[in-house]
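To find a chain, count down the sequence lines: A is the first, B the second, and so on, and within it residues start at 1.
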2 protein chains.
Amino acid sequence: MSAPGPPARTGKRATVHDIAAAAGVSRGTVSRVLNGGYVSVTARAAIERAIREVGYVPNTAARNLVMQRSQAVGFIVLEPHTLFLEDPNIGGIMLGANAALSAADYQMVNLVVDSERDTARITRYLSGGFVDGAIIVSARSHDPIIQVVGGLALPSVFVGHPRDLHPEIPYVGIDNLASAEEITRRLLATGRRRIGMIAAAVDRDSGADRLAGFQRALGPLFDESLVAEVPVYDFACGAKGMRTLLEREPELDGVFAAADSVAAGAMEALRESGHRVPQDIGVVGFDNSSWATRTRPHLSTVHQPADDIGSHAADMVLRQLRGDPIAERGLLLPSPVVWRDSA
Amino acid sequence: MSAPGPPARTGKRATVHDIAAAAGVSRGTVSRVLNGGYVSVTARAAIERAIREVGYVPNTAARNLVMQRSQAVGFIVLEPHTLFLEDPNIGGIMLGANAALSAADYQMVNLVVDSERDTARITRYLSGGFVDGAIIVSARSHDPIIQVVGGLALPSVFVGHPRDLHPEIPYVGIDNLASAEEITRRLLATGRRRIGMIAAAVDRDSGADRLAGFQRALGPLFDESLVAEVPVYDFACGAKGMRTLLEREPELDGVFAAADSVAAGAMEALRESGHRVPQDIGVVGFDNSSWATRTRPHLSTVHQPADDIGSHAADMVLRQLRGDPIAERGLLLPSPVVWRDSA
DNA sequence: TTGTATGCGTTATCAA
DNA sequence: TTGATAACGCATACAA
């Protein structure tokens, strides 16, 4: 109980004042060695020893108050809590952002807003100066949090490409439309003609763009009845969507699932109904997440550089924080198709 | 740009001082209506109007400084970042904790510590008064963060049942040993005799206890060579562990996988090697996560009430925060076996 | 019921 | 190079 751990387990924590007293100098001098500034060698030595002795650890609230910053950036996810967990994509983006942020010595604070109550609490949190900036994922234009962030003029970045949405806030993402088009084309190239899509989250820009890309690739072959819309990117929705499609069109020979998790669910449904992949039906996904190599056969899919998206998003916030004006209105990262065996 | 959003987009935010000026009262009176205290009806009305007018939002740093609290609780995960995403169990616990915390108007702050650098930054974060309490997941006794938390006397709770680890910090979890024993027994009851285990994370209490339970159930039938140890609870490790086991013992007729994700990987390997489940080999898992119903056949497993664990953990921190002394040294939640078709 | 004054722990601006 | 001293925005004990 008494041996280890640098900070002494006393009720009150040591302050700059205590260091000053212990070292026999003024608080100003202590502050100068803590930050950077002219201080004599002898004074510095005495103070550094005192710091260790009293087990000093800075009080961030006090520092924030005077510095007007928190050294933290919010990672705001506007999705149900459960999806936040299920979606490997959001996870990857989060990891990338966290790595970049922590390299710059910023703490990432994870904020999932799902309910009215969340909105209120997180509004308070953002307004309270707990974060210096924000990375916003899955924004829709009506989200009240967006208004708050805009009103606060909080240095921010959108992940994704929401249109008509605070043009002064930059974005980073991929070209969902072009990539969806490209992967659908390859489905055509392997001879499929009755091609369906399991479209998810069409109320969001990513979902809508993937559907649009699919339609553009198919051109006159596009058949609205071969699009099964499901609410979210997940396994269960994929299985359900696939069953719907099979029911509507027994002759189906190709399927574009809007995400790998959706594709995995679809393949499960396909196996149950006795269809072989890729012989009977070709399947392609989107994301190149760990789902893609968890299915048999492995999924052909679009690689979404989640990690890069996250780190670029973090960089854009960091740059605003530094005062560097950011030139681009937005940033689209490459998302190449990766071919495996499912189509 | 100018229409919506309560806080006016001015550079400086309104303070209590501004409210006082606008309402023609002193700061003290304003503070009293903000918190609670005696204040005349007329003054209150004027102040409340002024608050809306100036678009006041409290400065949390200042409030924290004077109140010596942050109204936030850290959710500390001592695991690699990637596992934090993959492990559905941690996710469920997080969700449960978040729900309880936000119901009590606390902000949950997610802290994953994976590297040296993380440790330093998060130590600073915790010590800086950013959180009033902590929920600690996956602790091992040597983790330096534990020392910090202990040294700070930060109201905390362990998720899991780490022994020899700060006995003054309560824990909440399940009885991994008993449940592992129980589910292994049922494997025996269905006639299996050459039973192996894919043991994961044996350096942690949960992993070690599950292995111990397995051994206790088997008694004299226990064969050390039929235990394949893998580093973490995940799909890929499950497949690899299964292949190892099959190689060591072609006559294997039962397998206990230390987690559902591990079991799913194992079943994938089994399918590839042409073994039928449950006819040739019975498989049981642990967690009752979404993996359990994603496999064919569905997994028999142990239900781990992740949500409840999370909310109970949050409650224990909240109680300490309120000053209620917490009586129990720890809390073990029921974790019943759920039988499906894989064994 | 209200106003005033003081302190929370830092940093920053001055003189010295 | 250093030591006072004034902010930062809020809560609160005390005086009025």
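Looking at A:Asp18, its side chain does come within 3.5 Å of a backbone N or O of A:Thr15 through a donor-acceptor pair.
At whole-Å resolution of the value, CZ in B:Arg27 and C1' in C:dA5 are 9 Å apart. Taking atom CD1 of residue B:Ile47 and atom P of nucleotide D:dC10, one finds them 14 Å apart after rounding to whole Å. In this entry the distance linking CZ of A:Arg69 with C1' of C:dT10 reads 11 Å, nearest Å. Between the P atom of D:dA11 and the NE2 atom of B:His17 lies a distance of 15 Å, rounded to the nearest Å. The interatomic distance linking B:Asp18 (CG) with D:dG9 (P) rounds to 9 Å, in whole Å. Protein atom CE of A:Met67 is 10 Å distant from nucleotide atom C1' of C:dA12, rounded to whole Å.
Contact detail for B:Val131 and B:Val73: the closest heavy-atom pair is CG1-C, 4.0 Å. Of all heavy-atom pairs spanning B:Gln107 and A:Asn110, the tightest one is NE2-O, 4.3 Å.
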For A:Gln71 and A:Arg69, what are the C-alpha separation, side-chain angles and deciding distance, and is it a side-chain hydrogen bond (donor to acceptor under 3.5 Å, both in side chains)?
CA-CA 6 Å; A:Gln71 207 71 357; A:Arg69 57 170 180 69; 3.2 Å; yes
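Looking at heavy atoms from C-beta onward, B:Val157 lies out of side-chain contact with B:Ile136 at the 4.5 angstrom threshold.
Distance from the side chain of B:Gln68 is smallest for C:dC8 among the nucleotides C:dC8, C:dT10, D:dG9. Distance from the side chain of A:Asn35 is smallest for C:dT11 among the nucleotides C:dG3, D:dT2, C:dT11. When each of D:dG3, C:dG9, C:dT1 is scored by its nearest atom to the side-chain atoms of A:Ser26, the top-ranked nucleotide is D:dG3. Among the nucleotides D:dA13, D:dC10, C:dT13, the one closest to the side chain of A:Arg32 is C:dT13.
OP1 and OP2 of D:dG3 both lie 4.0 Å or more from every side-chain N or O belonging to A:Tyr38. For the pair B:Arg63 and D:dA11, the criterion of a side-chain N or O lying under 4.0 Å from OP1 or OP2 is met. For the OP1/OP2 pair of C:dA12 and a distance below 4.0 Å, the side-chain nitrogens and oxygens of A:Ser31 include no atom meeting the criterion.
Using a 4.0 Å heavy-atom cutoff across all strands shown, A:Ala43 reaches sugar-phosphate atoms only and no base atom. As judged by a 4.0 angstrom heavy-atom cut-off over every strand, A:Val66 is placed among the base-contacting residues. Within 4.0 Å of B:Thr15, counting heavy atoms only, lie sugar-phosphate atoms of the nucleic acid but no base atom.
For the helix from C:dT1-D:dA16 to C:dA16-D:dT1, the end axes, each set by the C1' atoms of five terminal pairs, are bent relative to each other by 50° (nearest 10°).
Salt bridge A:Arg204/A:Glu79: present, at least one basic N to carboxylate O contact under 4.0 Å. Remark: A:Arg52 does not engage A:Glu48 in a salt bridge, criterion side-chain N to carboxylate O under 4.0 Å.
Nearest-nucleotide mapping onto DNA chain C: of B:Thr42 and B:Leu65, the residue sitting toward the 5' end is B:Thr42.
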